[in-house]
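Below is one structure; the comments refer to it alone.
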Amino acid sequence: MPASVASSNPSRPENLIGQLNSAHTSYEAKLKALRDLKNQIIGNRTKKLAFLKLGAVPSVVAILSSSAAAQYGGGDNLEFHESVLVQSAAAIGSFACGLDSGVKAVLDAGAFPILLKLIFHPNEKVADAGARSLKMIYQSKLAPKYDFHQEKDMEFLLSLLNSENENVSSLGASIITHSCQTAMEQQALSEAGVIKRLVALLGGSLIQKDASLESLAAVVKDNPEVASRLVLPENGRELNAVIELMRDKYPRTRLLACTCLINIRNTYVSYLQDSGIKKELILILLELLNDPGQVGDEAPFVLSNLIAEKEGMQQLAFEASIVEKLCENLQKGSFQAKRLQGIFLALADLCSKLECCRDRVLHLKVLNFVTEAFAHDSAEVRAAACIFLKNVSRSVKIAALRAISNVVVDFMAHKSLFVQCGGVKQLVQLSRSMESAVRVNAVWALKNLTFLVDNRCKEEILLELSTSTLTSLLSDPEAPVQEQAFALVRNLVDGTLNSIDYVFGDDGLLLHAVGRQLRNTSKAEVLVQCMYTLSNVASGKEHHKEAVMNQLFPQTGNDKETILVKFLQSSNSQLRTAAVWTIVNLTFPSSPGACGRVTALWNAGIVSQLKCMVNDPCLDVKLQSRTALKQLMMFGDAST
Amino acid sequence: MPVRLVEASSPSQVSGTTHGNTLPQPCSLLSVGQAFSGTQNVSSLQKDEAWRVNVRIQGCDLDHGYLCGTMEALNVPMADTPVVTFWEGEIVDTKNYTFFTGKWGATVTGLGIMSRVEDDIKHWTKFPSFPPLLSQVEADGGKSLDLSNYPYVFMRWKEQYFVNVGTDCGLTIAGFYYVCFSCSDGSINGFYYDPNSSPFQKLELKSTNDGRSGFSFSTYELQ
């Protein structure tokens, strides 16, 4: 019977591994099998996983180990063993490349110490293979942590950095990039003279330049003291090398140089004040956004690093038309998730403070891409799109235009812009959440929804919210939730005159809740919203004003000092303002019952209190206390 | 005895203070949602005419000296409905904007930029609350004024587009308004400037409140 082709294929993983393991295989055959295996797995993730599953790694490491041992024993077949070392190291490096399970297998099999010994091998090919392999391992967070505090290990590291072999010296830099995490480690490295060596590597080969750039960034990141040792000597002369590399012919080198400079600048703030260099950084990143590969994927993140929280840099970027470039990229079509995420985050940073950027984004009509992004597979892309949207929505103009959008025909066709969390229903649901942060945001959004809307909308919201939910929010254990809830009630009673009736329903349930809270809470933010609510009610009809008086001056109890005086004396200017407006409204001249209220206010000592406020530092308070006094005086002096 | 109120002092000319102390303070009556109504006189040589006007503030960003809103003109002869426009404003806060317009300059005359400054001064001077500031404004556009305690806010309002009618409605929004707002009672005075229209068309508005006896305020926050 013919044997099945598959099982007799010597290149099948099982067969290759079998050959490696067998004591009967000849040297040549083993070397061939090794080469074959290596060639199959390089750049092929599926094959790597397949071989991994079959236990290839321990077999390869075993061969590596025996050849390494044979080397030191002296003896024959030196050339053969060196070839084995090269091929097995390369295979191990490939298993570890970009695959955490591979890294784990390699480390578990004990490859690490063997590879370390290889990097000073006299045969350069062997040293290269060992160094490259270790570099792959160090890309992963599973790599063993390097102890920079151990003198022996620091010396070893320096010997790596000093090596003439570019793979070995760049390995040293790689170790630093991936293992240096704490300020103490950065300090130790700096003191050991590592920085000087890294700067020297900036003049080396491509591999050395790139590795060194990444490494420098890691050593100085967020450590002003260490950064100052780079920046201060001779006005940062050493950094000129980095600046030169910004203009290197290789895109990846340019990107790494930009990253390095930005990290240094973010750490040592007075560096890079020269706007020429800042502009150049922006232009270089602008151009790197065009790169179709990994460099283009990473460029927007580097841009974010440059401009985040810095209005001045955002302005420069805006002037260099970065908004257009990023939007152009969005329009080009589907990208890797990483690039899409980067573009949205960079746009979000640009729109975080500048109205001109938000405006430009609107005009470029990219918001359709945002809605598409909400359905993306990648959670990071969805989150980035959300942040972008949130920042664009900060536009005062957009909020204003939304308010008049029922009249504006064209501009606000982007209904999707106002992702009001799927509507009132969902918000109300979220307002009952166990987590206070969620409740606050839900009620905040509901409050915004009640801003300047007609009564039909208010009623829809109230219906969905229900009075019982609203009242429990008004006495929520968390003050920020209460604040938003009372602000919602404040908005309810603004608008047309009859809106005031909302707080009178159910025997004045909501009105009494406001009054109660005024007496019970000490949180200023909550008091402000309560006071404004009463103020709004007091701008209504006679019986509205009387109801407010009853809340402020309850019949029961004989508190000499009314809460109103207390609020007028508050150090919180918003509370003083709200209190004064309330008085202005209560004593509004055209109202028939004003006289009686004026008397009550005089008796409560309001007039003497207001007299102290005519030069209040807050302009609103100053001007309106004068208005209130004028109105109170109109009814004559009622004091005894 | 009636209390004599202290006269409002004229704004100090503070040099070298940080801008944080010299900007106009926020004023309740000039905030989002506040409404005003009154008239704009559009008289020409041929006839005397005034339109009823309603204004509402729709957006306000004091840090950047920015304001925006809608303006609704009623009983406009050429239109059969009220005409609504969207306007954007610059607050003269000496940080973001000064008393000198420097743009929206209609025609460039032989005098170039100088005539714009003269137009600016000519218009601001028509507001009774402006003269105390004049000498400083003539010197440097008012850059070193401390407006934090001044009970008036000066602005320029520019209508940007029609909201509910087409541009062929026969009306123009080419000019802009010089505006003076009173913080104590929310009254607004303005002069429309358009080199191609009659000069000094006056806008006079008072704070309104949906028929209430008093003032009412909503709250909205962009997080």
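None of the values given here were measured: they were computed from a predicted structure. Letters A, B, ... are given to chains in the order of the sequence lines, protein chains preceding strands, and every chain is numbered from 1.
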Relative to chain B, which segment of [X] carries a heavy atom at a distance below 4.5 Å: side chain, backbone, both, or neither?
X        : answer
A/Pro617 : backbone
A/Ala538 : backbone
A/Thr450 : neither
A/Gln631 : neither
A/Ser535 : both

Practice task
Would you mind telling me which of B/Ala35, B/Ser28, B/Cys60, B/Gly33 has the largest number of heavy-atom pairs within less than 4.5 Å of chain A?
Solution key: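 Between B/Ala35, B/Ser28, B/Cys60, B/Gly33, the count favours B/Ser28.
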Problem - Top contributor to chain A interface from B/Asp185, B/Leu29, B/Asn209 [non-hydrogen pairs under 4.5 Å] - result: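 So the answer, after comparing B/Asp185, B/Leu29, B/Asn209, is B/Leu29.
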Handout entry: Contact summary for A/Leu623 and B/Ser184, nearest pair of heavy atoms
Key =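 Here A/Leu623 and B/Ser184 meet closest at CD1-N, 3.7 Å.
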Problem - Nearest atoms (heavy-atom pairs only) where B/His64 meets A/Glu311 - result: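 Distance-wise, the nearest heavy atoms are NE2-OE2, 3.8 Å.
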Problem - Toward chain A, the part of B/Phe162 with a non-hydrogen atom under 4.5 Å - result: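 Contact with chain A is absent: no heavy atom of B/Phe162 under 4.5 Å.
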Problem - Residue B/Pro24 versus chain A: region with a heavy atom under 4.5 Å - result: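 Answer is neither: B/Pro24 stays 4.5 Å or more from chain A.
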Taking the side chain as every heavy atom from C-beta outward, state whether [X] and [Y] have any atom pair closer than 4.5 Å.
X        : Y        : answer
A/Asp620 : B/Gln25  : no
B/Arg212 : A/Thr496 : no
B/Phe215 : A/Val584 : yes
A/Asn491 : B/Tyr220 : no

Practice task
Among A/Leu497, A/Asp494, A/Val537, A/Ile500, find the residue that satisfies the side chain to side chain contact (heavy atoms under 4.5 Å, CB included) test when tested with B/Ser216.
Solution key: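 The single option meeting the side chain to side chain contact (heavy atoms under 4.5 Å, CB included) with B/Ser216 is A/Asp494.
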Handout entry: Sole residue of A/Lys541, A/Glu542, A/His544, A/Lys545 in side chain to side chain contact (heavy atoms under 4.5 Å, CB included) with B/Ser213
Key =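 Considering A/Lys541, A/Glu542, A/His544, A/Lys545, a side chain to side chain contact (heavy atoms under 4.5 Å, CB included) with B/Ser213 is found only for A/Lys545.
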Problem - Sidechain-backbone polar pair: A/Asn536 side chain, B/Phe217 backbone, donor-acceptor under 3.5 Å - result: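 The answer is yes, because a donor-acceptor pair under 3.5 Å joins these two groups.
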Handout entry: Spacing of B/Thr219 atom OG1 and A/Phe451 atom CZ [to the nearest 0.5 Å]
Key =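 Rounded to the nearest 0.5 Å, the OG1-CZ separation comes out at 7.5 Å.
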Practice task
Please test B/Tyr150 against A/Leu619 for side-chain contact (heavy atoms from CB on, under 4.5 Å), starting from the C-alpha separation and ending with a verdict.
Solution key: CA-CA 8 Å; B/Tyr150 210 55; A/Leu619 189 64; over 6 Å; no
